[in-house]
A.B. asks: 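Take a look at this one; I'll ask things after.
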Amino acid sequence: MCVALPGLAISTNQGQLTGRGLEGFYRAGRRVLSRCQVRVAGREPLPIQARMTAADCARFVGTLRTSPQAGPDPDVVVVRTRHADGTERITLHSAAVRPLRVPVEVALGTDLADLGAIACGNSGPEVSATVHDAGLRWSSAHGNSTVTADPSPTDALASAGLLRWEFALPPGGSASIELRVRPDGAGPVRAVGRAATSPLAPARAAGDDPRVEALLRTSVEDLQALLLRDPAHPADTHLAAGVPWRCGLAPAEALAAARMTLPLGTRLAVGTLRTLARTQLRGQGPQSGMIPGPIRDAGPHLPPGCTGTEATLLFPALLAEARLWGLPGPETEELLPAAERCLTWLRMTAGDGTYLRDPQPGGPVRCETQAHAHRAALLGADLLDACGRPGGGELRQWAQALRTTFRADFWIDDVGGGRPAAARAPDGRHVPHLGAAAVHLLDTGLLGGGERAPGLLDKVQTEQLARLLGGPAMDSGWGLRGLSAKEAGHNPFGHRSGAVRVHETALAVAGLAAADYEKEASVLLRGLLGAAEAFGHRLPEMYAGERRTDGSAPLPHPAACRPAATAAAAGVLMLTTLAGIRPDAPTGTVTLRPVRSAPLGEIVMTGLRVAGAPFSVRVSRLGLAMVEEAADGLQLRA
């Protein structure tokens, strides 16, 4: 899967585009080419290798024998280099000892179908082609596309969708064909991530474990590939949720990913916040101040939840933390009114009660929502105070009341030491099921001075949660299951009922490390790193929560996006957690709280961003962190 949105190319590892399933070149969600089948001397090359060379490029190698007298060795190598921008180069290399005349045919076709229709099996038949310049053209009521070839084909058959060439290859010689597919009148794909103004710093990692270099490099490349611009405000960029199913903006995921990538700079955060501020609901109704978002499945034990609630609570938290990482004052001030509206919505919706309930009538009080609300209140209060705005004291008072009641109302005592409830029903009954949503209780957020915000659980409860997350019912060996294997309704492939969702495991690693439960954090870290290696370091959104055994590999989930914004961002969070970077750019300080056990040995990260300047840090095998590059005047706080 080659990605450079709005361009996308999907194929199997055979290299040929057959038009089956999702195969094809896409532009802005429409399949502009579904079939691209190469035959050399009347035969398809034998595929021998397929690999990604970058997030937006794949290379396929095939071989064939042009003469039966040549013995078992192939004498022609066919290399196809495919790019997400709609270009493909087909190169033939001759290893024959005599000159070869090699006929080449490329069969092309497309249905011009929308990605959503293809996913539902409603793509329709191929569109008839016409000969157009040095290639073919297709047109229908849904759109049009053109394939041009360089060099021009010697023959073009529109009825068969066929382009033909004949090459004379000397011994050791080569010949190439370049195909370019795009809608009529459209220029080449201008991928946001490839622009010189990309909002993400090109950070790199190295160390004793060679996997860290590959994971961070691939994570940054995938994030670059998923970048989109707001068409009406091209200076503002945000992340698409994932490929191929969710190539547009998903507010909660975009905010979560921007927050996890703050070590790569604050420009993605500010672009995401600006884009979502323009969608914020206004007026006098109960939804005033909300960032709208779709309903999301919550598993077998809870009704679907509103991602708009999560996005509304993430907005002020992201702005508060972006300020600490170095978001300039004018941009903070620009976005502050939208954050204040989010915080006002929080207080108005909670009302005189302690908890933030689901917006739908009769909905439960979710544990995860209280964690988001508590963090938003504390980080929002910190932000308001720093910017000289009123309301911080009221938010802290509400958060204190929430902590007090939550620790009593949401904790279920049992012979195993207890657990947090997943939710409370409207009648006050516990929804007792243990799942990965509980990790949000550990994600308390960053305050000024390098201090972590207090959490909803007390120390004893936090220790018990750490023990549960590190146990075999939750930890699959590849990451945290969405629902404990001991719970009714557990399904290793369930979106929220057993599959490993990568970003939840990364949040657990960060939260456990910050709370000094390094053993549990290290085990989860190694599991996720092992899964990343199995997936070629391009982590999917989720994968099956099957138990890890000797010689096993994580099972892909058929509906998972890969790459996905939160999964790629999780790679950044997971590795930067090892250094424990806690900046406070407004005061010109940074605190380091590294994982002292150094679970991956020595690690060096360069090209990060703190206070708008390059930041590099080294964590030794003894778990000591040292700043190797930083902004002028940035002081290390003890």
Side-chain angles (χ1 to χ4, degrees), residues 2 9 11-19 23-25 33-54 56-110 129-138 145-182 188:
C2 306
S11 66
T12 70
N13 59 7
Q14 302 298 299
Q16 300 278 41
L17 296 178
T18 65
E23 292 179 34
F25 282 95
L33 190 69
S34 58
R35 227 170 14 94
C36 183
Q37 295 170 289
V38 176
R39 290 187 290 271
V40 178
R43 289 174 292 144
E44 292 191 7
L46 176 69
I48 60 172
Q49 186 188 69
R51 66 185 183 90
M52 299 295 300
T53 60
D56 64 343
C57 180
R59 183 175 185 266
F60 304 90
V61 180
T63 63
L64 52 85
R65 290 184 297 148
T66 59
S67 170
Q69 290 76 36
D73 299 331
D75 53 4
V76 174
V77 177
V78 182
V79 179
R80 301 175 69 170
T81 306
R82 180 171 297 148
H83 295 268
D85 65 0
T87 62
E88 179 161 334
R89 176 170 286 271
I90 304 163
T91 302
L92 283 67
H93 300 282
S94 172
V97 296
R98 57 181 179 79
L100 298 177
R101 294 195 68 81
V102 182
V104 178
E105 294 180 343
V106 179
L108 303 166
T110 188
T130 58
V131 176
H132 180 80
D133 290 340
L136 299 173
R137 182 179 186 273
W138 300 265
S145 71
T146 302
V147 170
T148 56
D150 183 19
S152 299
T154 55
D155 196 12
L157 301 177
S159 59
L162 202 63
L163 303 181
R164 290 174 173 164
W165 296 260
E166 186 164 310
F167 294 104
L169 297 179
S174 300
S176 293
I177 301 164
E178 183 168 282
L179 304 175
R180 294 179 295 277
V181 57
R182 61 188 59 158

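For the numbers below, each heavy atom of this structure counts, side chains included, while hydrogens, waters and symmetry mates do not. What you see is a predicted model; the values in this text were computed from it and never measured.
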A.B. asks: Please name the pair of heavy atoms, one in Arg65 and one in Asp73, separated by the smallest distance, quoted to 0.1 Å.
C.D. replies: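 Arg65 and Asp73 have their closest heavy atoms at CG-O, 3.3 Å.
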
A.B. asks: Do side-chain atoms of Ser94 reach the backbone of Gly173 as a donor and acceptor pair under 3.5 angstrom?
C.D. replies: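 Absent.
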
A.B. asks: When rounded to the nearest 0.5 angstrom, what distance separates NE2 in His132 from OG1 in Thr146?
C.D. replies: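 His132 atom NE2 to Thr146 atom OG1 measures 4.5 Å (nearest 0.5 Å).
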
A.B. asks: Any chance you could measure Leu157, atom CG, to Arg164, atom CZ, to the nearest 0.5 Å?
C.D. replies: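 Those atoms lie 5.0 Å apart.
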
A.B. asks: Should Ile90 and Val106 count as side-chain neighbours, where that means a heavy-atom distance under 4.5 Å?
C.D. replies: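 Yes. Closest side-chain heavy atoms under 4.5 Å.
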
A.B. asks: CG/Leu163 to CG/Asp155 distance, rounded to the nearest 0.5 angstrom?
C.D. replies: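 Leu163 CG to Asp155 CG: 9.0 Å, rounded to 0.5 Å.
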
A.B. asks: Could you check whether any side-chain N or O of Asp75 sits under 3.5 Å from a backbone N or O of Thr66, counting only pairs where one atom can act as donor and the other as acceptor?
C.D. replies: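 A pair under 3.5 Å: yes.
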
A.B. asks: State, to 0.1 Å, how close Gln37 and Thr18 come at their nearest heavy-atom pair, and which atoms those are.
C.D. replies: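 Smallest interatomic distance, heavy atoms only, reads NE2-CG2, 4.0 Å.
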
A.B. asks: Output the distance between atom CZ (Arg80) and atom CG (Leu92), rounded to the nearest 0.5 Å.
C.D. replies: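 Spacing of CZ (Arg80) from CG (Leu92) equals 11.0 Å.
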
A.B. asks: Can you see which heavy atom on Leu136 is nearest to which on Val131, and at what distance?
C.D. replies: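 Scanning both residues, the minimum pair turns out to be CD2-CA, 4.1 Å.
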
A.B. asks: Dump the intermediate steps for side-chain contact (heavy atoms from CB on, under 4.5 Å) on Leu64 and Leu46, then the final yes or no.
C.D. replies: CA-CA 6 Å; Leu64 52 85; Leu46 176 69; over 6 Å; no

A.B. asks: Looking just at side-chain N and O atoms, do Ser11 and Arg82 make a donor-acceptor pair shorter than 3.5 Å?
C.D. replies: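 The answer is yes; a qualifying pair exists.
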
A.B. asks: Quick one: pull up OG1 in Thr53 and CZ in Arg59 and give me the separation to the nearest 0.5 Å.
C.D. replies: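 Nearest 0.5 Å value for the OG1-CZ distance: 8.5 Å.
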
A.B. asks: Minimum heavy-atom separation for Ala50 to Phe60, with atom names?
C.D. replies: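 Nearest heavy atoms, Ala50 then Phe60: CB-CD2, 3.6 Å.
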
A.B. asks: Write down the atom of Pro171, the atom of Val97, and the distance for their closest heavy-atom approach.
C.D. replies: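 Minimum heavy-atom contact is CG-O, 3.7 Å.
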
A.B. asks: Would you say the side chains of Gln16 and Arg35 form a donor-acceptor pair under 3.5 Å?
C.D. replies: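 No pair is found: no donor N or O on one side chain lies under 3.5 Å from an acceptor on the other.
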
A.B. asks: Just how far is it from atom CD1 of Ile48 to atom OG1 of Thr63, taken to the nearest 0.5 Å?
C.D. replies: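 Spacing of CD1 (Ile48) from OG1 (Thr63) equals 5.0 Å.
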
A.B. asks: Which salt bridge (Lys or Arg N to Asp or Glu O under 4.0 Å) pairs, counting each pair once, include a residue from residues 169-179, with sequence neighbours left out?
C.D. replies: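 Counting only pairs at least two positions apart or across chains, the salt bridge (Lys or Arg N to Asp or Glu O under 4.0 Å) contacts touching residues 169-179 are Arg89-Glu178, Glu178-Arg180.
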
A.B. asks: Examine the side chains of Ser174 and His93 and answer whether a donor and an acceptor come within less than 3.5 Å of each other.
C.D. replies: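 Judged by distance alone, the side chains do pair up.
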
A.B. asks: Please give me the minimum heavy-atom distance between Trp165 and Ala149, naming the atom from each residue.
C.D. replies: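 Scanning both residues, the minimum pair turns out to be CZ2-CB, 3.6 Å.
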
A.B. asks: Which residue in the set Leu179, Val147, Thr110 passes side chain to side chain contact (heavy atoms under 4.5 Å, CB included) when paired with Cys36?
C.D. replies: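 Looking at Leu179, Val147, Thr110, the match for Cys36 under the side chain to side chain contact (heavy atoms under 4.5 Å, CB included) is Leu179.
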
A.B. asks: Go through it in stages, so that I can follow the logic: the residues are Asp150 and Ile177, the test is side-chain contact (heavy atoms from CB on, under 4.5 Å), and I'd like the CA-CA distance, side-chain angles, deciding distance and then a yes or no.
C.D. replies: CA-CA 6 Å; Asp150 183 19; Ile177 301 164; over 6 Å; no

A.B. asks: I want to check something: taking the side chain as every heavy atom from C-beta on, are Val61 and Val78 in contact at a cut-off of under 4.5 Å?
C.D. replies: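 Heavy-atom side-chain distance check fails, nothing below 4.5 Å.
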
A.B. asks: side-chain contact (heavy atoms from CB on, under 4.5 Å), that's the test. Do Thr81 and Glu88 meet it? Break it down for me.
C.D. replies: CA-CA 6 Å; Thr81 306; Glu88 179 161 334; over 6 Å; no

